[in-house]
Amino acid sequence: MEAFEAPGINTLIGSEGSLAWAEALGSNVLDPDSNLFLDFTAGFGVASIGHRHPRIVEAIRLQTSFLLHGLADVHSHHPRINLAEKLCSLVPVDQPRVYFAVSGSDAVEIALKSAYLATGKPGILAFEPSYHGLTLGALHSTSRPAFRDPFHPFLHDHVHRRPFGAPVDQLKALLAAEPSVGTVIIEPVVGREGVLFPPDGWLQELSQLCRETGALLIADEIFTGFGRTGKLFAVDAEEVRPDLLCCGKALGGGLPIAAVVGSREVMKHWETPGEAMHTATFTANPVACAAALEVLSVISDDQLVQRSMSLGSDLGKRLRDWSLNRAGIRSVRGRGLLWGIELTNRDLARSWSARALSLGLIALAGGPNGNVLQLAPPLTVTTAQIEAALDILEKSWRVLSSETTGKLDP
């Protein structure tokens, strides 16, 4: 791989070794030697209804018989129209309108542009930690300096950062002191950057503050959307209705598609007598739209949102009971089928991830300090697979503990 690909992408496992994927189905992955692995990343959240779901495969097959590609910002097609209508019926945004994107980062770009077009204010309130993408616009609101610093000369100075869950009085004071802030962007539940949950009521208070000040609230649900946290969207836990909501990953069932759903009042500012101000060749690809429609049907038909909450409750109890007073583990937190195990240091988390991989479990370490092992299996994962994954975690921890005796605490 190193002979042909640029460096810098395959970094999460590092020198501990990586895995070549040959086949995936449901929560299972096979390597070229037919070794079986449990995928507790759901492919970065993409395979929320499982890898290669048969209904998605059939929807793709049928669509390829008619239309593979269209003209993204010129003409429409039936899967695109139907998907836009379906998203508008599901997403908690008032008078919703859809702007399709090709990736989560692209969706964040569209949302930030939408907010600026509507308010004329360049200032952004973002939170630490957060991950909103690595394209240049989205990078403004992503928090990690390691991502931003190499490109600092290209980034503007209108981003104000506060800790995730900061007291709303502090945020109110910031918005009063910085009238140029027209956008507040938030992950309702922080995903990649550590699996963090806001204090009870905080999202609702933040939403109300935005209403009072005229700032537009963007909810980045690219990772948490479509049932990951036991609600269709994480904002539903507090009945928050943002001005703009970004979704993606799970939406395509394995194909690249994302979307921004915004209020009609905000989205009307995209009207132009000329060419589209933001587009891409593969926006609203017909095959991806057909797959996404079927994904939404599977989630509803199989009650996967409710399943996420039920399975997640059992998973969380087992994790907490097992980790109690265990040296090297600081905390366990989660909701639905999104859980994070915070360890005392980065090396421990990476080593645990690698040991688990050697025993057949794919679970990645992340967060700004790299010390949180994240568990995010497909919502279709079976109870037997959860038990097998937990057994692997325990076995790999015992191996790791024997290798690091006396080194588990900071």
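Because only heavy atoms are used, hydrogens play no part in the values below, and waters and symmetry mates are left out as well, while side chains stay in. The first residue in the sequence is number 1, and the count goes up from there.
- The closest side-chain heavy-atom distance from F100 to L87 is below 4.5 Å.
- In this structure, R264 places its CZ atom where only 12 or fewer heavy-atom neighbours from other residues, nucleotides or ligands lie under 6.0 Å away.
- Each ring-ring contact (aromatic ring centres under 6.0 Å, His included) pair with one or both residues in residues 202-254, not counting sequence neighbours, appears once here: F127-W202, F164-W202, F226-F233.
- In this structure, Q385 contributes its side chain and T382 its backbone to a donor-acceptor pair below 3.5 Å.
- Identified under the salt bridge (charged side-chain N to carboxylate O under 4.0 Å, His left out) test for residues 334-345, with sequence neighbours left out: R330-E342, R333-E342.
- At a threshold of 4.0 Å, the pair R228-E221 does not count as salt-bridged, since none of the basic side-chain nitrogens sits closer than that to a carboxylate oxygen.
- Taking E109 as the reference, nothing meets the salt bridge (Lys or Arg N to Asp or Glu O under 4.0 Å) condition, with sequence neighbours excluded.
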Which side-chain N or O atoms in residues 358-379 pair as donor and acceptor under 3.5 Å with protein atoms at least two apart or in another chain?
residue : atom : partner : partner atom : Å
S358    : OG   : R355    : O            : 2.6
N371    : ND2  : L343    : O            : 2.9
Q374    : NE2  : G191    : O            : 3.2

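- Scored by the ring pair (Phe, Tyr, Trp, His ring centres under 6.0 Å) test, W270 finds Y99 as partners (sequence neighbours excluded).
- Not counting sequence neighbours, R97 has no partner by the side chain to side chain donor-acceptor pair (under 3.5 Å) test.
- One finds no salt bridge joining R144 and D149 here, because no Lys/Arg side-chain nitrogen approaches an Asp/Glu carboxylate oxygen to under 4.0 Å.
- Under the 4.0 Å criterion applied to side-chain N and carboxylate O atoms, R318 and E394 are assigned as salt-bridge partners.
- Taking the ring pair (Phe, Tyr, Trp, His ring centres under 6.0 Å) definition, one finds that H140 meets it with H156, sequence neighbours left out.
- By the ring pair (Phe, Tyr, Trp, His ring centres under 6.0 Å) test, H269 is found to be paired with no residue, residues two or more places apart in sequence or in another chain being considered.
- Partners of H75 by ring pair (Phe, Tyr, Trp, His ring centres under 6.0 Å), not counting sequence neighbours: none found.
- Figure legend: cation-pi geometry between R326 and W322, with NZ or CZ positioned under 6.0 Å from the six-membered ring centre and within 45° of its axis.
- Looking only at side-chain heavy atoms (C-beta outward), V260 and V98 stay at 4.5 Å or farther from each other.
- Residues passing the side chain to side chain donor-acceptor pair (under 3.5 Å) test with E58 are R61, sequence neighbours excluded.
- For residues 298-307, the side-chain hydrogen bond (donor to acceptor under 3.5 Å, both in side chains) pairs, not counting sequence neighbours, are R55-D301.
- Residues that satisfy the salt bridge (Lys or Arg N to Asp or Glu O under 4.0 Å) test with K86, not counting sequence neighbours, are absent from this structure.
- Using a 4.0 Å cut-off between charged nitrogen and carboxylate oxygen, D321 and K317 count as a salt-bridge pair.
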